[in-house]
2 protein chains.
Amino acid sequence: MTAEPASPGTRPGRTPRLPRTARRFQLLGAAREVFVAQGYHAAAMDEIAERAGVSKPVLYQHFPGKLELYLALLEEHSAQLVTSVQEALESTTDNHTRIVRSVQAYFDFVNDPSGAHQLVLESDLRSEPAVRQLIETAFARCVRAIAATIVADTGLTQDEADLLAVGLVGLAETTSRWWLVRGGTVSKERAVESMVELAWRGISGYPRQERPPGQPDQADGLDAAAGPPDGAGSAPAASEP
Amino acid sequence: MTAEPASPGTRPGRTPRLPRTARRFQLLGAAREVFVAQGYHAAAMDEIAERAGVSKPVLYQHFPGKLELYLALLEEHSAQLVTSVQEALESTTDNHTRIVRSVQAYFDFVNDPSGAHQLVLESDLRSEPAVRQLIETAFARCVRAIAATIVADTGLTQDEADLLAVGLVGLAETTSRWWLVRGGTVSKERAVESMVELAWRGISGYPRQERPPGQPDQADGLDAAAGPPDGAGSAPAASEP
DNA sequence: GCCGCACGCCGATCTTGACCTCCACCGATG
DNA sequence: CATCGGTGGAGGTCAAGATCGGCGTGCGGC
């Protein structure tokens with residue numbers, strides 16, 4: 001006691017006393033910046049607090065610990081990605097458009113100026129079960145959505161459709177991240193277009209695959225949406241034999 | 001632990017005094033096990049030494065520090081992956097076989113019982129520049145090898161080929177890891193076959209990029225191995241070394 | 001208009017855990 | 001038989017997560 005408060009007139013007020021909700025939001029923003037820039041392990045709670053303009057105790061009054069803070073951000077952004085992909089798939093019944101919008105969803109997600117995609121796609125805390133589970137669940141939701149679309153519009157088995165969906169997700173993830181890093185060379189639209197074309201060529205002709213006889217194949221490929229292909233003509237240059 | 005120092009006569013000799021090379025090899029093996037199981041940050045040098053049956057000073061006599069030990073493992077396995085992919089591409093001139101063997105290279109790499117692929121594909125030390133650079137270099141080498149093949153056998157530009165190669169690498173990476181985790185459902189051969197088919201459909205028809213109609217470019221696909229199209233000049237410009 | 005209350009905020013500190021070296025010991029060699 | 005290089009356990013250092021008492025401000029009640 002009587003430590004050395006020096007002079008009581010020292011300007012103590014740094015922060016204008018925010019309400020809890022606003023403060024929490026600001027802390028999440030600061031944490032996102034630091035976690036994205038440094039990664040989980042290299043990030044320090046001191047820096048997050050400093051970045052937010054508050055002291056560490058305030059941080060610990062809003063979040064029980066570093067892990068929970070990270071998980072809050074991770075949950076937010078992984079849900080955002082999943083929602084984007086699901087909306088892209090549900091927004092239309094034309095499968096080519098579905099692919100376009102899904103790939104675009106990944107590119108947009110990666111292109112977010114906050115760089116939050118790194119938390120979901122390049123986390124350095126996969127050893128933590130909670131983190132791993134969250135990331136894998138988000139991945140699985142995207143895969144499941146795509147696979148459900150595939151299995152609904154083709155005669156493929158669930159396993160086959162899962163595999164294809166995983167491949168497409170990996171393609172979109174990897175290319176979008178690569179495009180972001182090497183962003184200068186190719187425009188986003190061009191990259192998306194290339195990837196869509198690759199994916200579309202890859203799966204558009206699928207239902208005509210040699211299947212055990214007795215299984216009447218659908219009349220058309222994936223490009224046949226729910227209804228008849230009435231002038232959709234979406235197939236770009238698909239080599240239609 | 002530390003039951004008691006008790007008597008100094010407790011048979012201290014555990015290790016039969018290995019030569020340096022063998023000892024180093026053994027240390028690398030122990031380190032690999034621990035790093036794979038725990039990740040870099042959760043791994044402790046104590047555990048690596050204990051796993052190897054030696055004490056910590058010997059560990060530090062073979063490696064300057066934890067990071068260097070990790071880098072040695074990372075370099076070894078990333079080089080192994082790159083070599084596998086390069087050999088797969090150079091082993092034949094048939095592009096379909098090239099894809100088969102390349103995808104198989106990824107699946108084999110992931111399927112290694114040591115689990116070493118996690119070091120390269122799921123490292124939790126990307127914040128470290130040396131680690132990041134090593135991983136990205138390995139990735140880039142795989143991409144470059146594939147892109148070089150594409151650009152040699154088609155008229156695509158370097159940028160386009162890079163993009164396709166990145167997509168194929170991402171596809172192989174993601175599906176192989178997914179297959180390993182969900183290994184029970186699909187056999188490896190079946191998964192490889194599906195992915196090869198997807199990739200092959202995706203790129204096999206490529207050299208006939210949107211060209212004015214009326215061109216009878218029937219057999220002019222990637223499956224036509226030799227002979228770059230004469231009219232495909234289009235200023236490659238050779239930007240990257 | 002004024003007072004007391006309560007809440008939010010801060011400086012300084014503690015503790016843990018992991019990486020990295022110093023004193024006793026033992027088998028091979030001249 | 002003596003020496004010497006390598007081995008083993010105990011300890012130092014430091015960074016980073018987590019926390020305790022005090023302070024100042026804004027607001028409801030009188």
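- Screening A/Leu198, A/Leu164, A/Leu171 for a side chain to side chain contact (heavy atoms under 4.5 Å, CB included) with B/Leu171, the sole residue that qualifies is A/Leu171.
- A salt bridge between B/Arg98 and B/Glu90 is absent, with no side-chain N of the basic residue lying under 4.0 Å from a carboxylate O of the acidic one.
- When distances are taken from the side chain of A/His62 to each of C/dC20, C/dC9, C/dC10, the shortest belongs to C/dC9.
- Side chain of A/Ala44, nearest nucleotide from D/dG17, C/dC9, C/dC10: D/dG17.
- Candidate nucleotides D/dG17, C/dC20, C/dC10 were compared by shortest atom distance to the side chain of A/Met45, and D/dG17 ranks first.
- Projected onto DNA chain D by closest heavy-atom contact, A/Pro57 and A/Tyr40 fall at different nucleotides, the more 5' of which corresponds to A/Tyr40.
- The interatomic distance linking A/Leu59 (CG) with D/dA16 (P) rounds to 15 Å, in whole Å.
- Residue B/Leu27 contributes atom CG, which lies 10 Å from atom P of D/dT7 at whole-angstrom precision.
- Residue-level contact check: B/Ala43 touches the backbone only, with heavy atoms under 4.0 Å from sugar-phosphate atoms and none from bases.
- Distance B/Lys56 NZ to D/dG9 P: 11 Å, rounded to the nearest Å.
- Dashed line: the shortest gap from a side-chain N or O of B/Arg23 to OP1 or OP2 of D/dG6 is not under 4.0 Å.
- One can place NZ of B/Lys66 at 15 Å from P of C/dG17, the figure rounded to the nearest angstrom.
- A residue-by-residue look at A/Arg20 and B/Pro64 shows that A/Arg20 has its nearest nucleotide of DNA chain C further toward the 5' end.
- Rounded to an integer number of Å, the gap from A/Arg24 CZ to C/dC7 P is 19 Å.
- Between A/Arg126 and B/Asp124 no salt bridge is recorded (no basic side-chain N to carboxylate O distance below 4.0 Å).
- In this entry the distance linking OH of B/Tyr60 with P of C/dC22 reads 14 Å, nearest Å.
- In terms of position on DNA chain D, the residue among A/Gln61 and A/Asp46 whose nearest nucleotide sits closer to the 5' end is A/Asp46.
- Between A/Leu81 and A/Cys142 the shortest heavy-atom distance is CG-SG, 4.4 Å.
- A/His41 has its NE2 atom 13 Å from the P atom of D/dA16, to the nearest Å.
- Taking the side-chain hydrogen bond (donor to acceptor under 3.5 Å, both in side chains) definition, one finds that A/Glu33 meets it with A/Arg51, sequence neighbours left out.
- Which of C/dT21, D/dG8, D/dA18 sits closest to the side chain of B/Ser55 comes down to D/dG8.
- Atoms CG (A/Leu67) and P (D/dA16) sit 18 Å apart, rounded to a whole Å.
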